[in-house]
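Below: one structure, written as structure tokens.
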Amino acid sequence: MRVAVVGSGPSGVYAADALVSQDAVPVEVDIIDRLPVPFGLVRYGVAPDHVSIRSVRDTLDKVLDKPGVRFLGNVTVGQPEDGGVVSMADLHACYDAVVLTYGASRDRRLGIPGEDLDGSVAATDFVAWYCGHPDADRELFERLVPTATSAVVVGVGNVAVDVTRVLAKTVGELDHTDMPQHVFDTLAQSHITDVYLLGRRGPAQAAWTTKELKELGELLDAEVIVRPEDVVLDEGSAEVAASDRAVGRNVAVVQEWAEREPQGKPRRIHVRFLSRPIEMRGDDRVRTVVVERTRLTSDGKAEGTGETEEIAADLVVRSVGYRGTALDGVPFDSGRNVIPHTDGRVERDGVQVPGEYVAGWIKRGPTGIIGTNKKDAVQTVTSLLADAEAGLLRAPTQPGGIDALLAERGVAVVSTAGWRSINAAEQALGATRGRDRTTIHDRVALLDAANG
Ligand code: NAP
């Protein structure tokens with residue numbers, strides 16, 4: 001059986017691993033990615049200073065060496081007008097089954113006036129920039145970061161924490177990471193002294209995890225400031241904090257911060273709760289964010305009080321979640337921004353699409369830790385293997401398979417060997433500056449490196 005996995009992030013690699021780690025059905029898997037490098041958000045989402053989480057890629061990398069697994073990088077699935085070099089129909093002609101694991105790479109929007117002002121950016125774009133994603137807008141951040149003094153980060157999830165930490169750390173605290181050199185150089189020119197982290201609900205409703213949250217309180221040059229009135233819990237929140245240990249720990253961290261004496265550090269992280277942005281104001285660039293005080297309703301939602309304040313901000317990072325997008329020819333639930341499925345089997349109007357499966361964020365939405373994708377991928381692969389054993393999959397029809405098709409279309413595929421060359425080039429580049437690795441951000445440079 002030949003299976004295509006579309007997307008080489010954790011869910012794709014875990015799906016490939018599950019497919020080749022069973023004996024019931026002999027399988028060959030191609031992991032296809034539009035980028036010349038594998039590992040998706042492990043490379044382009046996990047913050048570079050979270051070195052131990054990033055080391056998951058060593059585990060994922062071992063899967064690429066397993067018999068029956070190939071990496072086909074620099075291959076975009078989709079219509080030619082979207083940059084696609086192979087369509088879903090092509091994949092179905094080349095493989096018995098297709099597993100879609102292309103994630104959720106777009107940003108969600110706030111829907112408030114001024115959101116599109118210069119200086120207001122999506123966290124997805126900022127994260128892509130500091131991780132060295134080939135599609136990141138380098139020019140934008142090289143202009144915005146050195147000219148900003150006060151930043152607002154909207155949202156209180158782990159991505160907001162990452163963004164805040166990167167903005168508040170000294171370059172010395174980031175020096176050991178694999179960020180591209182131009183990112184270090186730009187962050188070194190930052191004059192940002194204040195970062196406001198805005199949660200529209202209370203500390204008991206924040207989406208971050210305690211370990212990540214605590215790191216904000218341990219930075220060299222930045223101190224956390226919390227207003228005592230923001231961390232007083234209403235009855236419902238107090239009950240949740242008492243019954244849910246994870247919530248209780250989060251609340252304890254911010255309550256302790258609220259009691260801290262000011263330390264006089266050069267940078268400040270202001271963590272604000274019950275605060276929702278309702279407008280961004282500015283001229284040629286965002287200058288302030290109008291924030292409305294909220295209160296919690298009986299069902300835990302944020303409700304405006306009409307009381308507002310204006311916070312100075314020449315950089316606003318909207319970190320309110322990722323969003324999946326549709327792939328041409330594949331059913332899509334545009335309400336939930338996921339591919340509809342049952343147990344990983346893709347469904348159109350409730351009917352299974354033969355040979356089509358889904359795993360990861362594009363299956364369940366942008367939630368969970370990296371490990372969540374393993375269980376998720378195994379569920380999908382179990383469904384696929386059961387369908388194979390039941391004889392429900394169609395055999396490929398394309399003579400010569402995907403290799404012939406890609407060669408005919410002149411696609412410069414990056415194989416596992418090509419990725420190994422890129423890997424070696426990044427390690428060599430890092431060594432020139434005393435680091436383990438430096439990410440190569442430029443697509444052409446990546447393709448050159450793939451060719452040795
Ligand atoms: P998230 O955890 O879903 O957090 C989104 C935040 O945005 C929430 O605080 C949410 O508040 C807020 N929000 C949504 N709409 C809003 C609006 N219109 N106005 C104001 N606030 C709004 O998403 P994420 O931070 O992007 O993280 C995605 C996933 O990756 C999560 O599972 C996360 O744990 C994981 N991750 C983990 C790490 C790590 O280091 N372990 C790092 C990065 C990401 P409400 O709750 O009020 O909606």
Side-chain angles (χ1 to χ4, degrees), residues 9-11 40-56 103-115 120-128 130-131 152-166 177 196-216 237 240 246-247 250 254 271-280 289-297 299-304 311 316-324 336-338 360-373 376:
S11 54
L41 278 189
V42 168
R43 183 176 162 105
Y44 293 120
V46 175
D49 61 335
H50 274 171
V51 178
S52 69
I53 306 180
R54 273 175 95 78
S55 68
V56 169
S105 55
R106 300 291 285 275
D107 60 301
R108 289 181 58 218
R109 300 199 36 101
L110 289 170
I112 61 170
E115 187 170 6
S120 161
V121 298
T124 46
D125 293 335
F126 186 60
V127 171
Y130 67 58
C131 288
V152 161
V153 180
V154 183
V156 285
N158 278 330
V159 172
V161 172
D162 284 346
V163 165
T164 302
R165 201 178 59 251
V166 168
T177 73
Y196 293 83
L197 192 49
L198 302 184
R200 63 178 166 180
R201 300 190 288 158
Q205 288 77 33
W208 49 42
T209 42
T210 315
K211 184 169 171 285
E212 281 66 30
L213 175 64
K214 271 182 157 173
E215 286 177 60
L216 292 182
S237 301
V240 182
V247 173
N250 284 347
V254 291
V271 182
R272 297 273 172 97
F273 297 101
L274 301 170
S275 300
R276 72 170 178 205
I278 54 169
E279 186 182 349
M280 295 182 205
V289 178
V290 182
V291 176
E292 183 182 28
R293 187 87 184 153
T294 65
R295 60 178 157 246
L296 290 174
T297 60
D299 56 353
K301 293 209 169 84
E303 163 183 88
I311 297 177
V316 179
V317 186
R318 308 177 310 263
S319 181
V320 295
Y322 285 69
R323 178 169 64 86
R336 294 182 54 231
N337 296 317
V338 293
W361 274 9
I362 196 60
K363 172 186 180 187
R364 61 174 205 280
T367 58
I369 57 171
I370 293 169
T372 315
N373 295 298
D376 183 333

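In each ligand, atom 1 is the first atom listed, and ligand 1 is the first ligand listed.
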Are side-chain heavy atoms of [X] and [Y] found at a separation under 4.5 Å?
X	Y	value
Asp162	Val46	no
Trp361	Leu41	yes
Val152	Pro277	no

Between Thr177 and Asp49 (side chain of the first, backbone of the second, donor and acceptor by atom type, cut-off under 3.5 Å), is there such a pair?
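A pair under 3.5 Å: no.
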With a 4.0 angstrom cut-off on heavy atoms, strictly below it, pick out the residues next to ligand 1 and order them by chain and number.
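Heavy-atom contacts below 4.0 Å: His50, Ile53, Arg108, Leu110, Val154, Gly155, Val156, Gly157, Asn158, Val159, Asp162, Arg200, Arg201, Ala207, Glu212, Ser319, Val320, Gly321, Tyr322, Trp361, Pro366, Thr367, Gly368.
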Apply side chain to side chain donor-acceptor pair (under 3.5 Å) to the pair Asp376 and Ser11, showing each step before the final yes or no.
CA-CA 8 Å; Asp376 183 333; Ser11 54; over 6 Å; no
Can you see whether Thr124 engages Arg106 through a side-chain donor-acceptor pair at a distance of less than 3.5 angstrom?
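Side chains of Thr124 and Arg106: no pair found under 3.5 Å.
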